[in-house]
Amino acid sequence: MRCFCLNKKEVRVRFAPSPTGYLHIGGARTALYVWLLARKTGGTFILRIEDTDRNRFVPDAVEDIKNSLRWMGLDWDEGPEAGGEVGPYFQSERLEIYKEYSEKLVSEGKAYYCFCTPERLEEMRQNQERSNQPSGYDRHCRDLTQEQVQEYKAQGLNYVIRFKVPLQGKTEVKDELRGKMVFAHETLDDFILLKSDGYPTYHLASVVDDHLMGISHVIRGEEWIVSTPRHFLLYEAFGWEPPAFIHLPIFLSPDGKGKLSKRHGATGVREYREKGYLPEALTNFLLLLGWHPAEDQELFTLEEAKEAFSVERISTSPLSFSLDKLDWYNGVYIRKLSAEELAKRCLPFLQKEGLIPEPCSSQQFDYLVRIIPLVQERIKSLTDITKAVSYFFKEEIDPPAKEMLIPKKVTPEETAVILKEVLAALKEVTDFSEATLEKTLRELAASIGQKPGRVFMPVRIAVTGESATPGLFETLAAIGKPRVIQRLEQAISILG
RNA sequence: GGUCCCAUCGUCUAGUGGCCUAGGACACCGCCCUCUCACGGCGGAGACACGGGUUCGACUCCCGUUGGGACUACCA
């Protein structure tokens with residue numbers, strides 16, 4: 001039975017991404033849950049940048065992470081730009097702290113200097129693999145004497161600091177969702193705390209920082225479960241009380257094979273943004289990926305999620321997600337937007353396609369706002385807007401193919417006659433409004449003895465070049481008489 | 001290989017021993033609405049991995065099997 005009781009002490013939680021790439025969709029889900037827990041409990045949400053890997057550092061990753069979080073509506077109380085009492089919030093600026101704490105463990109005999117070269121380690125690993133032995137450091141330097149250490153240091157050899165894992169016994173760790181897990185010490189090796197470049201490993205840095213920053217709950221991906229005993233061992237070595245741990249189920253690839261990775265399409269939040277997804281849709285989608293409300297409910301604003309969220313309803317099984325649901329959410333939220341708001345959000349996509357100039361005149365924008373309601377329930381992504389409105393903005397459309405203009409079971413000649421009748425009738429219309437156009441065209445169809453559809457379809461294609469469009473009359477009205485006449489004439493000449 | 005985690009419709013999930021003939025959502029199929037497409041409405045198909053226990057009674061508890069996954073770096 002899961003039981004999650006908030007301690008009396010204040011909730012301080014952190015999202016601690018590593019700037020080795022753009023904000024990953026899985027990271028975004030973690031950030032969401034962490035933020036939700038903070039907001040739900042009136043706690044503090046901290047953003048901490050774990051930039052301790054100099055080799056994989058990506059220069060604009062921090063910017064991307066901050067932008068993506070903001071785009072999703074997740075604000076942080078402490079961290080980069082926000083400041084805070086327990087900074088700095090970049091681990092690369094806390095090197096002295098890690099050095100101090102790791103040296104402290106060495107002096108207490110709980111950690112030791114290791115001078116093994118990468119080459120030796122590599123060879124050891126290969127031997128272990130070849131003989132099917134469990135992998136792990138062979139503790140070659142664990143029992144070096146003071147003198148040996150001094151000598152190696154004097155020689156200028158590179159060294160790391162390793163944690164001295166007890167040879168016997170076991171460590172019991174607790175996950176708030178999964179309960180207790182036991183790890184025998186024999187299965188743990190003497191992991192590195194401080195690398196030879198003076199940077200800490202994740203294990204050291206996260207434990208030290210979580211303690212120093214007063215973190216109450218660690219929410220992180222399931223891939224960290226097997227490292228948790230190391231972290232408990234560290235808390236114990238320092239004499240600190242460990243926080244509560246909550247491991248989130250990982251995202252599997254849509255084909256169910258392995259972790260979600262770049263091979264399986266978009267993994268970065270920015271990619272979803274560029275693909276025309278709304279932040280409302282993405283967060284709602286992510287919210288229900290691994291968490292479920294007490295009462296069935298599919299639609300959540302961030303505000304509602306803040307109310308409803310609870311750690312104990314997070315699921316534990318790994319999940320492979322399909323984007324179908326995200327597309328559905330996107331459509332739902334697109335339909336909820338006001339015409340003006342949707343127009344604003346679509347504008348960059350239209351400008352990128354060159355359909356609307358940059359900067360956009362107020363007339364252009366007003367026209368867009370007028371068109372939006374016609375296509376609003378027909379697009380499921382912001383990128384769909386360009387195709388949906390192109391014939392409204394273009395002065396001329398590409399001539400439709402002849403076959404396309406001709407309905408089934410109708411001859412080209414008959415189609416031409418119909419379009420000519422329509423052309424003649426529309427030329428007479430002075431009030432080019434939806435209502436008048438509908439009345440005119442319906443009466444015309446009746447007078448020439450044609451079913452409405454037989455008349456409307458060729459007109460639709462002639463004027464838009466598309467067989468699927470918004471309602472014909474509102475479309476004609478929005479395109480305007482001159483262009484409608486011109487496009488009808490173009491179609492008639494194609495048939496002629 | 002070793003350690004650990006997980007297991008209900010295709011997908012996300014509800015389910016905490018009798019409320020389950022297993023509920024919802026997306027996707028799928030059909031019908032309705034209709035000038036096309038969409039939206040919307042109605043309906044349909046679709047799952048408790050397997051085997052042992054425990055119990056008057058298991059989707060629910062225990063064990064095993066199988067399957068999936070994570071980790072196994074001077075990466076996080």
Side-chain angles (χ1 to χ4, degrees), chain A residues 1-2 16-21 50-53 55-56 114 116-118 121-122 125 128-129 131-137 158-162 173 175 178 181-184 186-189 191-197 199-203 205-206 220-229 247 249-250 252 254 256-259 285 288-299 313 315-329 331 335 375-380 388 438 441-442 445 451-457 459-461 464 466-473:
Chain A
M1 165 131 191
R2 287 179 196 164
S18 173
T20 51
E50 309 221 324
D51 52 348
T52 56
D53 185 341
N55 299 320
R56 295 199 304 155
C114 167
C116 290
T117 62
L121 262 16
E122 180 55 32
R125 215 174 349 257
Q128 288 168 339
E129 202 168 318
S131 55
N132 255 337
Q133 293 293 304
S135 55
Y137 179 57
N158 278 333
Y159 65 87
V160 301
I161 293 180
R162 287 183 184 270
V173 307
D175 175 276
R178 281 161 261 255
M181 295 179 273
V182 182
F183 295 79
E186 305 95 83
T187 66
L188 268 27
D189 73 344
F191 55 98
I192 293 174
L193 299 174
L194 201 70
K195 301 184 254 185
S196 60
D197 62 3
Y199 279 68
T201 59
Y202 171 86
H203 306 302
S206 68
R220 70 210 327 188
E222 186 186 334
E223 65 270 22
W224 290 109
I225 287 183
V226 287
S227 296
T228 310
H247 291 99
I250 54 161
L252 266 24
K257 288 179 187 151
K259 267 210 278 200
F285 175 66
L288 276 314
L289 235 38
W291 177 82
H292 194 274
E295 300 288 322
D296 275 334
Q297 182 179 340
E298 306 294 333
L299 266 23
R313 295 194 64 86
S315 77
T316 49
S317 45
L319 41 117
S320 70
F321 69 82
S322 89
L323 265 11
D324 287 335
K325 191 107 168 219
L326 176 57
D327 287 338
W328 174 71
Y329 276 122
R335 275 171 248 133
V375 300
Q376 188 157 17
E377 63 191 25
R378 294 175 168 80
I379 60 174
K380 64 182 207 302
E438 174 155 16
L441 290 180
R442 285 196 188 280
K451 282 188 192 170
R454 284 277 178 88
V455 175
F456 299 164
M457 206 51 177
V459 174
R460 162 177 289 114
I461 292 165
T464 66
E466 302 284 344
S467 57
T469 74
L472 216 216
F473 318 111

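We name chains A, B, ... by the order of the sequence lines, and we start the count at 1 in each one.
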Closest approach of A/Thr469 to A/Arg378 (non-hydrogen atoms, all atoms of both residues): O-NE, 3.7 Å
Euclidean distance for P, B/C63 against B/G46 (whole angstrom): 34 Å
Selection from B/C6, B/G23, B/C12 that lies nearest to any side-chain heavy atom of A/Pro318: B/C6
Main-chain N/O of A/Arg56 paired with A/Thr20 side-chain donor or acceptor, under 3.5 Å: no
Side-chain donor or acceptor of A/Arg313 paired with backbone N/O of A/Trp291 under 3.5 Å: no
Sugar-phosphate, base or nothing in reach of A/Pro19, heavy atoms under 4.0 Å: nothing
Touch class at under 4.0 angstrom, heavy-atom based, for A/Thr187 against every strand present: sugar-phosphate
Pair assignment for B/C35, Watson-Crick or G-U wobble, requiring both distances under 3.5 Å: none
Residue mapping more 5' on RNA chain B - nearest nucleotide basis, A/Pro452 or A/Ile379: A/Pro452
Whole angstrom value for the distance that separates P of B/C4 from CD of A/Glu223: 18 Å
Complement of B/A73, any strand, by Watson-Crick or G-U distances under 3.5 angstrom: none
Under 3.5 Å donor-acceptor pair, A/Arg56 side-chain atoms to B/C75 base atoms: yes
For the student: nearest non-hydrogen atoms of A/Leu288 and A/Tyr329, plus distance: CD2-OH, 3.7 Å
Sugar-phosphate, base or nothing in reach of A/Ser131, heavy atoms under 4.0 Å: nothing
Under 3.5 Å on both distances, the Watson-Crick or G-U partner of B/C19: none
Rounded distance (Å) that lies between atom P of B/A70 and atom NZ of A/Lys259: 7 Å
Phosphate-side-chain proximity, A/Lys380 and B/C39, N/O vs OP1/OP2 below 4.0 Å: no
Atom-to-atom span, CG of A/Leu441 to C1' of B/U36 - whole angstrom: 14 Å
B/C28 versus B/U11 - spacing of their P atoms, nearest Å: 16 Å
Nearest-nucleotide pick for A/Asp53, side chain only, options being B/G69, B/C5, B/A76: B/A76
Touch class at under 4.0 angstrom, heavy-atom based, for A/Cys114 against every strand present: nothing
Distance between C1' atoms of B/U60 and B/A7 (Å, rounded): 14 Å
Strand partner of B/C50, provided both Watson-Crick or wobble distances fall under 3.5 Å: B/G64
A/Lys380 atom NZ, neighbour heavy-atom count above 12 within 6.0 Å: no
OP1 or OP2 of B/A76 under 4.0 Å from side-chain N/O of A/Lys195: yes
Touch class at under 4.0 angstrom, heavy-atom based, for A/Pro470 against every strand present: base
Proximity to the side chain of A/Arg378 - top-ranked nucleotide from B/C37, B/C26, B/A76: B/C37
Rounded distance in Å - OH (A/Tyr329) to P (B/U13): 11 Å
Short side-chain N/O contact from A/Thr52 to OP1 or OP2 of B/C75, under 4.0 Å: no
Distance in angstrom units between A/Asn132 CG and B/U3 P, rounded: 13 Å
A/His292 NE2 - B/A14 P separation (whole Å): 6 Å
Nearest-neighbour nucleotide for the A/Thr201 side chain, B/C12, B/A76, B/U11 considered: B/A76
Sugar-phosphate only, base, or nothing, as touched by A/Leu289 at under 4.0 Å among non-hydrogen atoms: sugar-phosphate
Parallel, tilted or perpendicular: ring planes of A/Phe456 versus A/Phe473, cut at 30 and 60 degrees: perpendicular
Sugar-phosphate only, base, or nothing, as touched by A/Arg335 at under 4.0 Å among non-hydrogen atoms: sugar-phosphate
Results of salt bridge (Lys or Arg N to Asp or Glu O under 4.0 Å) for A/Glu222 - residues two or more places apart only: none
Nucleotide nearest A/Arg460 when distance is taken to its side chain, options B/A76, B/A25, B/C35: B/C35
For A/Ile225 against A/Met181, the heavy-atom pair lying closest together: CG2-SD, 3.8 Å
Pairwise C1' distance, B/U55 and B/G68 [rounded to whole Å]: 31 Å
Position toward the 5' end of RNA chain B (nearest nucleotide), A/Val160 or A/Met181: A/Met181
Phosphate contact (B/C35 OP1 or OP2) by A/Arg454 side-chain N/O below 4.0 Å: no
hbond_proxy A/Ser317 side chain to B/C6 base (donor-acceptor, 3.5 Å cutoff): no
Sugar-phosphate only, base, or nothing, as touched by A/Gly290 at under 4.0 Å among non-hydrogen atoms: sugar-phosphate
Gap between atoms CG and C1', on A/Leu323 and B/C12 respectively (whole Å): 13 Å
B/A49 and B/C12, which share atom name P, separated by this distance in whole Å: 14 Å
Identified pairing partner of B/C59, criterion: Watson-Crick or G-U wobble below 3.5 Å: none
Integer-rounded Å distance: B/C75 P and A/Ile192 CD1: 7 Å
Phosphate OP1/OP2 of B/C37 contacted by A/Ser467 side-chain N/O (<4.0 Å): no
Nearest listed nucleotide, side chain of A/Ala468, among B/C4, B/A27, B/C37: B/C37
A/Pro118 side chain, from C-beta outward: closest of B/G2, B/C74, B/A14: B/C74
Candidates B/U72, B/C4, B/A76 - which lies nearest the side chain of A/Ser135: B/U72
Within-4.5 Å side-chain heavy-atom neighbours: A/Ser196 and A/Val160: yes
Under 3.5 Å: donor-acceptor pair, side chain of A/Gln128, backbone of A/Gly136: yes
Complementary nucleotide for B/C28 - Watson-Crick or wobble, under 3.5 Å: B/G44
Among B/C35, B/G24, B/C74, the one nearest A/Phe473 by side-chain distance: B/C35
Shortest side-chain distance from A/Arg125, nucleotide among B/A76, B/C35, B/C74: B/C74
Whole-Å C1' distance, B/U54 and B/C5: 26 Å
P atoms of B/U65 and B/G2, separation to the nearest Å: 13 Å
Distance, C1' atom - from B/U16 to B/U72, rounded to whole angstrom: 35 Å
